[in-house]
Amino acid sequence: MATDIIQAISTNLLSPAVLFFGLGLIAALLKSDLKFPEALYVTLTIYLLAALGFKGGVAISEAGIATVFLPAVAAMALGAVIPLWIYPLLRFGGRLRPVDAAAVAAHYGSVSAVTFITATNYLKGINEPYENYATAFLAVMESPAIVVGVVLGKMSLGPQPGIFGGSLRKVLHEALLGRSVFLLFGTLVAGALCGKAGMDRVEPFFVGPFQGVLALFLLEMGLVAGRRLEDLKKVGPFLVAFAIVLPLLHGFLGVVVGKYAGLSVGGTTLMGVLAASASYIAAPAAMRLSLPDANPALYLTPSLAVTFPFNVGIGIPIYYAFARYLVS
Amino acid sequence: MATDIIQAISTNLLSPAVLFFGLGLIAALLKSDLKFPEALYVTLTIYLLAALGFKGGVAISEAGIATVFLPAVAAMALGAVIPLWIYPLLRFGGRLRPVDAAAVAAHYGSVSAVTFITATNYLKGINEPYENYATAFLAVMESPAIVVGVVLGKMSLGPQPGIFGGSLRKVLHEALLGRSVFLLFGTLVAGALCGKAGMDRVEPFFVGPFQGVLALFLLEMGLVAGRRLEDLKKVGPFLVAFAIVLPLLHGFLGVVVGKYAGLSVGGTTLMGVLAASASYIAAPAAMRLSLPDANPALYLTPSLAVTFPFNVGIGIPIYYAFARYLVS
Amino acid sequence: MATDIIQAISTNLLSPAVLFFGLGLIAALLKSDLKFPEALYVTLTIYLLAALGFKGGVAISEAGIATVFLPAVAAMALGAVIPLWIYPLLRFGGRLRPVDAAAVAAHYGSVSAVTFITATNYLKGINEPYENYATAFLAVMESPAIVVGVVLGKMSLGPQPGIFGGSLRKVLHEALLGRSVFLLFGTLVAGALCGKAGMDRVEPFFVGPFQGVLALFLLEMGLVAGRRLEDLKKVGPFLVAFAIVLPLLHGFLGVVVGKYAGLSVGGTTLMGVLAASASYIAAPAAMRLSLPDANPALYLTPSLAVTFPFNVGIGIPIYYAFARYLVS
Amino acid sequence: MTTHAVKLVTIICEALARKPLQQLLDEVGAHGYILFTVEGDGRQGRRTADIREFANIQVEVIVAPAVAEQLLLRLEREFFPKFAMVAHESDVRVLRRDKF
Amino acid sequence: MTTHAVKLVTIICEALARKPLQQLLDEVGAHGYILFTVEGDGRQGRRTADIREFANIQVEVIVAPAVAEQLLLRLEREFFPKFAMVAHESDVRVLRRDKF
Amino acid sequence: MTTHAVKLVTIICEALARKPLQQLLDEVGAHGYILFTVEGDGRQGRRTADIREFANIQVEVIVAPAVAEQLLLRLEREFFPKFAMVAHESDVRVLRRDKF
Ligand SMILES: Nc1ncnc2c1ncn2[C@@H]1O[C@H](COP(=O)(O)O)[C@@H](O)[C@H]1O
Ligand SMILES: Nc1ncnc2c1ncn2[C@@H]1O[C@H](COP(=O)(O)O)[C@@H](O)[C@H]1O
Ligand SMILES: Nc1ncnc2c1ncn2[C@@H]1O[C@H](COP(=O)(O)O)[C@@H](O)[C@H]1O
Ligand code: NA
Ligand code: NA
Ligand code: NA
């Protein structure tokens, strides 16, 4: 398996998308002038999520809700329970304040859509088929851990008056109507309603250019992640190690769940990737809103500057190797 | 004809573009965070207009100016006369102030490029051929009604001193060199000069992705229209009814004009759509500049929050049914 | 050769990209409202440079570094020496201040990526093959002349205290890590590492739409260049003539160098285009940073409002005619 | 270093008021201005700035005190009845008075 | 022309503080505001504004003096400990006092 | 609540002056700033802000009075002769003086 993994990693590292990511990292480290406009970042995000959701919806319309239901529930449950062991680990192993432990737990139970997309791209590159409806797992896995994390954090802080206290309603609104979840769910439904006939009409936009757009987007994400690298010193060795070891464990766990949910090697890989990935957009936004006392350096930097690059470059092929080993 | 229409409407509602529009409406109503950057809106507009104009120009170079001339003049005349009955209707039927009646008249005589594009998309989806040079009708129909409306409004206000008074020159400059008219005319000419050989070179950019880009754009337009829905209460039932009934009448009228101008079923549909559609970008801009005393709630809200969604979802297949009924 | 050239020019003028450029010029002259958002400009730049670099890198991986090395060194040398005769010419012929002469020299020794891309587009349009790795010449030719120009200018000013004085380090950082050079080099390397297999995956994004995107970009560049046309009166007849005559001389020189470097007719044309083109983004940025006493009207306006449109419309087919004449 | 007291007039309004506003600035004799798009909320509802034509702009203009007075007067008379608009004036100091 | 003295409160903060800040503005009784994205640098490092979520925003709000005092007080107490944030207040004059 | 009087220095200039300006801010001891792109018009013509490199930027920096004086002095001497630039200074109050 070791040579398999090394082989898989180097294939991954030499794909256009991952090379562009590396280029972005280097640009950030060399303090190059290169900077994407905010509008381009938002545009690429909207495009990637809409394309992913629409394709996923079409796949659901073909496979049937019944097929998707079980693994989707498994994915959701996995997302919701991951914070439950991260919290004590960070509280007592990492000696983090309760609110910080809760915030980090929310991030690692939630998911990174970009990591997921990079993984589908990897599978396409090595001609490994996967269930296109796996997008549904991505969609349902973003929010549960965030809600669990916020509840853990609020419990630890006790009742709070004023703007930052109060009910869970705001968290739920944010979790369910935030940009990425809304776009994914909405386009999943649109795709499911249109089916194949609809796909034929938008394919040259949403399918053909997808891999190239991803490469461009990863260039930007390399810049964004690279700029955070200097914050690593504020994070400490425990959290840096955490940000690599936990994804490996969760990747393995995700693969096991995927296998028992009856997915193919490709789909199982994706379940591993989802479990291993950590949020760095939706979760931080929810934390600033609902747990503003948590320290962003402790949750955003590990997730964005360690786990994300690790998964994109090395993690994905490892989870694939796990899946091949377990499933076939 | 009734079952035909219902069938046509449901086909339309299940196309990706219209589903994305609905998604935008829902996002706005649920107050989701989803928001397109201004730069993306402008980019999509430029792309759609340039693609449309260029394709239209290539079609003109093939059909010859002579073929296009008569129906284009008919379209222009139609745009110019529509305000002449809307104005008295709103003045006396709707009891609007003269300046408001003139402003609304300008909007409904002018056209919505997005509605037109959605209609071409609908025709493509049901494999109904149409004259690609119909873009020329769109290009010539935007301005005449705006000029007529401004003249009606200025006459009603009497001579005005200062910045907002004065000549028609500003109106004409705005009407002829505004972004959309300029882009459409310019790319029509470019397309006509290049012809088929030029088209071959830009086809993968301007043709293939067009329907997908439209879907994305309609998502944004759903958001924009949806945010205006709460202004409907300021508008009153008369104008809301007006914003549905008049398009139906104009749609029928446009179809009649299209038929006598010798267009195919598809082209006739498009002429109906143009007559039925109302402007919500170019006309409001001209009004704020030349008739700033008119109340935007009375012209923008009906056009953007009622007529536009009505046409996109239901109007287009109805005008198509009219056209089939009359032409074939 | 004369009829050849006239034929070649009119073919060029009727291509979509050049027509769109003309449309932008007209929009600027008529003071149309048309305006691209800044984010779109940056996006199109990033796309074009990344596509160009990646394609070039793939070509290098196929041709081998050895093939590319000699002509690349020749290109670099050409860029570095051009300022050496422009400086005295402008100092003594044009009676410019030393610092202004140095700044203009930097611009004309450096290159315009957009002109280069338009030239590849022209060659594609007339089915004239060229070495795809010519992008490497573009990449190495941007900076040398800028460094030479800054050194000439600094020497003329003598030692300067404070923020604008001091070392060459800033200039070099700017020259090597500026957006365009970094993107070109980075994507060249990425393309070279991926090779053909990588290209297959991103081709529908980076290759298919390329010519259409270029057309859209040239529309914007027409606007930008057109807005500068009124500054021409500040520039004087000497510099205007300079901005047309020098490109013709450099174009011929570049073609000679390309021929002796063993390039095809297409590649030789591109070498001529590079020599003839003048920078209007990277060089002005470097001048404002390192020679802020130079007068921008004297370097930016000739380069952007004269040389650039001249090359795009007329120069490119002329250099092609030179190349055909000399090489075949 | 001597600084001179002048006025900074700031105008927030709907983007479509831009051209007449530029004309007004010319007429009262302002020598320059800056302008940028802003989101906003006010009595006339939220403006999300997602469509250029429906956005708010903020215009800032440095002028001599007499010009500021004239500008505010005409804004109040000619613009406030027609446009969604807020304007305020404050005291600033500049280095070169002759520019303004 | 009579102008009225009011306060302009300017707040620079991380974009993710936006929603609670809007709630605070409501609670203290501000009637409107403008908001735009800015790049910035400060004690907590550079913010390049390339990702909407990680950018800085500048919020400007015109309020009566008593509201300004209330707003600054609550910013200091409730927001400064949690967010990267700078706030300042200045004197401006407006034409229609009742709007603010 | 105690507020402290400091200065807000606002600089409008061509985008390409950005790097030397940042260096100047460092040298005079400013602890932070914000920066955004603006359109503008002035004696040196219209700037439409469609190309990042040719746009105007507005930089706002809160500093102690002595730093403001130093900053304006050096702007006048070292920057005004070289760049299209406007600078103005005004009085603002902040909550935490030690930040500036
Ligand atoms: N108190 C305020 N402070 C700052 N900006 C305001 C204020 N009130 C209104 N605005 C801005 O001015 C625009 C027009 O105001 P209004 O006419 O009240 O809707 C709004 O969209 C806001 O952006
Ligand atoms: N002295 C200052 N003048 C203007 N803006 C500042 C200043 N200090 C900080 N800021 C802005 O406020 C944000 C938060 O400040 P800080 O907490 O110091 O990082 C920074 O990103 C800057 O945009
Ligand atoms: N009176 C003014 N008020 C506000 N901004 C100004 C003023 N004059 C000039 N500016 C801005 O400063 C920039 C440079 O000014 P100038 O050197 O006069 O062209 C212009 O592009 C404007 O954006
Ligand atoms: Na996870
Ligand atoms: Na109409
Ligand atoms: Na050159």
Hey, does C/Phe36 have a side-chain heavy atom less than 4.5 Å from the side chain of B/Ile46? yes

Distance col, row C/Leu19:CG vs B/Phe54:CZ, nearest 0.5 angstrom, shows 7.5 Å

| said: Counting only heavy atoms from other residues, nucleotides and ligands, does the tally under 6.0 Å from CG of B/Leu172 exceed 12? | reply: yes

Correct closest heavy-atom pair for B/Gly186 and C/Leu23 would be CA-CD1, 3.3 Å

In terms of heavy-atom contacts, B/Val202 and C/Pro16 come closest through CG1-CB, 3.9 Å

For C/Leu30 and B/Leu177, the nearest pair of non-hydrogen atoms, with its separation, is O-CD1, 3.4 Å

Of the listed C/Val207, C/Leu219, C/Leu40, the one with the largest count of heavy-atom pairs under 4.5 Å with chain B is C/Leu40

Hey, what donor-acceptor pairs show up under 3.5 Å between chain B and chain C?
| from | atom 1 | to | atom 2 | distance (Å) |
| --- | --- | --- | --- | --- |
| B/Leu177 | O | C/Ser32 | OG | 3.0 |
| B/Leu177 | O | C/Asp33 | N | 3.4 |
| B/Arg201 | NE | C/Gln211 | OE1 | 3.0 |
| B/Arg201 | NH2 | C/Asn121 | O | 2.7 |
| B/Arg201 | NH2 | C/Gln211 | OE1 | 3.3 |

Closest non-hydrogen atoms of C/Pro209 and B/Pro204, given as atom of the first, atom of the second and distance, are N-CB, 4.2 Å

What one should report as the nearest heavy-atom pair of C/Leu216 and B/Phe205 is CD2-CZ, 4.1 Å

### Task
Begin with the C-alpha distance, continue with both residues' side-chain angles, and end with the deciding distance and a verdict on side-chain contact (heavy atoms from CB on, under 4.5 Å) for C/Leu14 and B/Cys194.
CA-CA 6 Å; C/Leu14 287 178; B/Cys194 290; 5.8 Å; no

Honestly, the part of C/Phe20 sitting under 4.5 Å from a heavy atom of chain B is side chain

